[in-house]
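Note that the coordinates shown come from a computational prediction; the quantities given were computed from them, not determined experimentally. So you know, we letter chains A, B, ... as the sequences are listed, proteins then strands, and number each from 1.
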There are 2 protein chains.
Amino acid sequence: MTSPPPGLRERKKRATREALREAALRLAVEHGPDRVRVEDIAEAAGVSPRTYNNYFASREQAIVSAVTADREAGIAAAVAARGAGVRLADAVTEAVVEQYTHTGERAQRALLLITARTALRDAFLDATADIEPPLTEVIADRLRDAAGAHTARVLAASAAAAVRVALEGWLRPPEGAEAAGGLGAGGLVVTSGSLPDQLREALAPLAPAFDAAERRTRR
Amino acid sequence: MTSPPPGLRERKKRATREALREAALRLAVEHGPDRVRVEDIAEAAGVSPRTYNNYFASREQAIVSAVTADREAGIAAAVAARGAGVRLADAVTEAVVEQYTHTGERAQRALLLITARTALRDAFLDATADIEPPLTEVIADRLRDAAGAHTARVLAASAAAAVRVALEGWLRPPEGAEAAGGLGAGGLVVTSGSLPDQLREALAPLAPAFDAAERRTRR
DNA sequence: CAGGAAAAATGCGCGCACGCAAGTTTACGT
DNA sequence: ACGTAAACTTGCGTGCGCGCATTTTTCCTG
């Protein structure tokens, strides 16, 4: 899988990235997200501002990364942990729920801060796309037939998209009815259930697709 | 459907946006995408640079928008055109294929330019998410039951994600095209499979999900 | 254990995104 | 018809993203 020698070079790189994550989140919590500049983050991490955005494309990305990194790192294992015994759709769903609810104290506090600022919310939502690669890998691992690779890619992308929809609905309580569509005021804006429920509800419509893909590999 | 008076204010707004689109694409084709500044686009459209990014968040977005606007405008009609007689999954698939292949000459030429520059390619891929709202509307139009709204949202998001995967695979390997000197030094992007095939292949795994949702509405 | 190539970090500079506080235009009520 | 409020545009200033050229660090090979 990974390279047997982690590479000394690669380790420092990861250390720097982690330092930037940590610094970004800490400073954001300390002084408020708007009161922190890239220069401050870079200084706290011991690198130049120019180096900073060799790692992160935007200021928001660095802050959010501290929260999302764990999930994109653990989602694959969480799916794999639920072995071949359970339905693939259930494995993915429960793995997602686990990764987004069984979260540390620090992440929970950071989320509270993220949901307040629009720019950070958007960055957080965009970050959900980062679970797609690891998801693709584990799904492809269970779809061994010829077209499995392509199918896994699509299913992973769809699952990530569904998660995004769930998260959007979850942190959207304070919003007027200014949807893009014309007669979009179609009544029930019931939303704002618990996050696990939102996730399960969003992933449920995709279950038949997962089932079909999984069924094809058995024959 | 829409507001009976289009609104005089709204008309000027759309005209300005269209002018910016047109100017951005024209200048990009004329002088090359890197040789055009926001100031030039704004001047060509008759507005100030500051006004420019009240309409577009990035320079690339404006250029790409000239190509993608038609699709996000027509995708809903394309699905609706295929009436309730055909399977929802097929309607969506064929509508997507139609929108991304039956394209004008100008768009085709612009695409050639977009695929060359990495920044424009990324912007183009990101723009596929814009078909999600109209898709949500038409799908919800055919899913009339209670949970149809949520399901439509997830299915639309998944379909958009699948389209993105297809497009990624389509314009994948532009390696060694580092001849930025002359005009039209065009290295033809070698594609793996025709675009319609890629789209159909990517959307196919989602068909069972569409079927299940559609089947639920009939009883 | 050197020497040299590849890769990352840094300094510098330019153009862009966006907040803020005017000025200007459109829409609507009495 | 006129005045007022809301929306859109504009000028200005600041911080940021990133390309380019240079210096420093890391890794490999003879």
Minimum-distance nucleotide to A:Asn54 side chain [options: C:dA9, D:dT10, C:dA17]: C:dA9

Quick note, B:Asn53 side chain, CB onward, closest among C:dC20, C:dA17, C:dG11 is C:dA17

In whole angstrom, give the distance that lies between atom CZ of B:Arg11 and atom P of C:dT25. 19 Å

Show your working on side-chain hydrogen bond (donor to acceptor under 3.5 Å, both in side chains) between B:Arg21 and B:Ser65 and close with a plain yes or no. CA-CA 6 Å; B:Arg21 272 202 258 261; B:Ser65 162; 2.6 Å; yes

Nearest-angstrom distance from the residue atom CD of A:Glu39 to C1' of C:dT10: 14 Å

In this structure, how many angstroms lie between the P atom of C:dA17 and the CD atom of A:Glu60, rounded? 15 Å

Indicate yes or no: does A:Glu201 engage B:Arg153 in a salt bridge with an N to O separation below 4.0 Å. no

Can you find a donor-acceptor pair, distance only, under 3.5 Å between A:Arg50 side chain and C:dG13 base? no

Taking D:dG17, C:dA9, C:dC18 as options, the one with an atom nearest any side-chain atom of A:Thr51 is C:dA9

Before accepting this row, confirm whether a basic side-chain N of the pair B:Glu18/B:Arg14 lies closer than 4.0 Å to the acidic partner's carboxylate O. no

Using the rule side-chain hydrogen bond (donor to acceptor under 3.5 Å, both in side chains), only one of B:Arg200, B:Gln99, B:Arg82 pairs with B:Glu94; which is it? B:Arg200

Report which part of the nucleic acid A:Tyr55 touches: base, sugar-phosphate, or nothing (heavy-atom distance under 4.0 Å, all strands). sugar-phosphate

Could you give the CD1-to-C1' distance, from B:Ile41 to C:dC16, as a whole number of Å? 11 Å

Whole Å only: how far is the CZ atom of A:Arg117 from the P atom of C:dG19? 12 Å

Starting from P on D:dC8, measure out to OH on B:Tyr52 and report it in whole angstrom. 19 Å

Value in whole Å for how far the P atom of C:dA17 lies from CG of A:Asp34: 20 Å

side-chain N/O A:Lys12 vs C:dA8 OP1/OP2, d < 4.0 Å: no

Candidate nucleotides C:dC16, C:dC18, D:dT26, ranked by approach to the side chain of B:Arg59 - the nearest: C:dC16

Distance below 4.0 Å between B:Lys13 side-chain N/O and D:dC8 OP1 or OP2: yes

Charged N to carboxylate O under 4.0 angstrom, B:Arg26 versus B:Glu22? no

Nucleotide C:dC14, atom P - distance to CZ of B:Arg35 in whole Å: 15 Å

With a non-hydrogen cut-off below 4.0 angstrom, is B:Arg37 in contact with a base, only sugar-phosphate, or nothing? sugar-phosphate

